[in-house]
There are 2 protein chains.
Amino acid sequence: MAHQPGTKRGRPGYDQHSMLVVAVEAFNEFGYDATSIGTLAARLGTSKAAIYHHFSSKEELLELALDEALTALEGVLGDEQADEGTASDRLALVVRGAVHVLVNKLPYVTLLLRVRGNSDVERNALERRKNFDRAVTQLLSEARAEGSIRSDLDPSVAERLLFGMINSIVEWYKPKSPEDAARLADDVIAVAFDGLRVPR
Amino acid sequence: MAHQPGTKRGRPGYDQHSMLVVAVEAFNEFGYDATSIGTLAARLGTSKAAIYHHFSSKEELLELALDEALTALEGVLGDEQADEGTASDRLALVVRGAVHVLVNKLPYVTLLLRVRGNSDVERNALERRKNFDRAVTQLLSEARAEGSIRSDLDPSVAERLLFGMINSIVEWYKPKSPEDAARLADDVIAVAFDGLRVPR
DNA sequence: CCTACCGATCGGTAGG
DNA sequence: CCTACCGATCGGTAGG
């Protein structure tokens, strides 16, 4: 910020972040490639040049949006590492944290999960996601060594199925109350750890 | 077919289906929108006009590919309805069948799962997916009424989490042997029904 | 921030 | 007369 907080100078237009919010919405609706800067300008009620005032390229919009999601997800791992509990407890903490990030950063995570690696920005984001998945796989291995996670299945397959379930939330979740998000995290943990079958 | 099977006339080029296979690969690699007919022609080693000989539009390529995935998935429901077992048994049959369709029709299902509804063809495909999901939700309700599925969670949330896990397979599965696909189906059923925790 | 544009490439089609 | 194309180019629109 180059000027005092709270003061407004120049036109009462968009700042970088409020423009990013609209852009990410459009990217999720039409797909990143299919969203032209022209379409975006129309949505914002500005010109294309107005967008290039805040961002140097279409890809910078994508990069900033992906970073928002990845920083939040990586933060969940930071919380976990500080914990003193068993691997199983820390795993539950990561699952709960990831569900909350998905819900709180829904549009950014949605965009992240659709990245395919078609550019350096996308490949970099995929690399950060891979590191996250590796850390969770490691946690699953530890929980398995503890005897709290079933041993008849490969930890990396388990990780993919677990986060396949978690990540799919972006496909259908409609933001409601914070209690709703906590309930969803409980449901995910219940299904992931104990399955759909009635608890025996 | 207008001529005898086995006979070849004209150039030994692509037929509609072999061209579709290459197109679907490209759509999954770059995204449907980001894949131009020109790029496709380059991959095929043909001209754009050669593609338009076999397909009336780019969208017809998408439509035929999506239909291949949807027909296979709908077939799984047909198998289930013929079964005489409990709802729980039929649900397991659908899960196993869906995993096999994902593996056997991997590129087509991958494409289907990335459809966002940006055209009539895409919206029609989403409608057929919704009908599939509705049928599975109904099956989960029946299994719950039977007492075989936990009752502390909404059947439609359960369906979304279950198929979120199943569908995520397209993000990482690399086709290997048929035994491998059967093993994957077993793993999915184990995690979905009994969870990651050690069986008590 | 706007208007006025650029080099290039898009999906699709012509005649042969 | 068929299937399977080619070289060239159309009117519009993309990101910048």
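All chains are named by letter (A, B, ...) in the order of the sequence lines, taking the proteins before the strands, and each is independently numbered beginning at 1.
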From C-beta outward on [X], which listed nucleotide comes closest to its side chain: [options]?
| X | options | value |
| --- | --- | --- |
| B/S36 | D/dC5, D/dG15, C/dC10 | C/dC10 |
| A/S57 | C/dG11, C/dT3, D/dG16 | D/dG16 |
| A/Y52 | D/dG15, C/dG11, D/dT3 | D/dG15 |
| B/K48 | C/dT3, D/dG16, D/dT9 | D/dT9 |

Next on the checklist: Using a 3.5 Å distance criterion without hydrogens, assess whether the side chain of A/R114 forms a donor-acceptor pair with backbone atoms of A/N28.
Outcome noted: yes

Item to check | P-based separation of C/dG12 from D/dA8 [nearest Å] | outcome: 22 Å

Would you say the side chain of [Y] lies within less than 4.5 Å of the side chain of [X], judging by non-hydrogen atoms?
| X | Y | answer |
| --- | --- | --- |
| A/T39 | A/F30 | yes |
| B/I149 | B/F193 | yes |
| B/L40 | B/L61 | yes |
| B/V136 | B/L91 | yes |
| A/F132 | A/L70 | no |

Quickly work out the [X] [atom1] to [N] [atom2] distance and round it to whole Å.
| X | N | atom1 | atom2 | result |
| --- | --- | --- | --- | --- |
| B/F30 | C/dC10 | CZ | C1' | 16 Å |
| B/L61 | C/dG11 | CG | P | 11 Å |
| A/H54 | D/dG16 | NE2 | C1' | 17 Å |
| B/L62 | C/dG11 | CG | P | 13 Å |
| B/N118 | C/dG11 | CG | C1' | 17 Å |
| B/I37 | C/dC10 | CD1 | P | 10 Å |
| B/K58 | C/dG12 | NZ | P | 8 Å |
| B/H53 | C/dG12 | NE2 | P | 17 Å |

Next on the checklist: Over all strands shown, is B/T35 touching base, sugar-phosphate only, or nothing at heavy-atom distances under 4.0 angstrom?
Outcome noted: sugar-phosphate

Checklist entry - What nucleic acid atoms does B/A50 come within less than 4.0 Å of, heavy atoms only: base, sugar-phosphate, or nothing? => result sugar-phosphate

Checklist entry - Hey, does the side chain of B/T46 come within less than 4.0 Å of D/dC5's phosphate (OP1/OP2), counting only N and O? => result no

Item to check | Contact under 4.0 Å: B/S47 side-chain N or O vs D/dC5 OP1/OP2 | outcome: no

Item to check | Base-paired stems that DNA chain C participates in, counting runs of 3 or more Watson-Crick or G-U pairs under 3.5 Å | outcome: none

Checklist entry - Who are the salt bridge (Lys or Arg N to Asp or Glu O under 4.0 Å) partners of A/E127, not counting sequence neighbours? => result A/R134

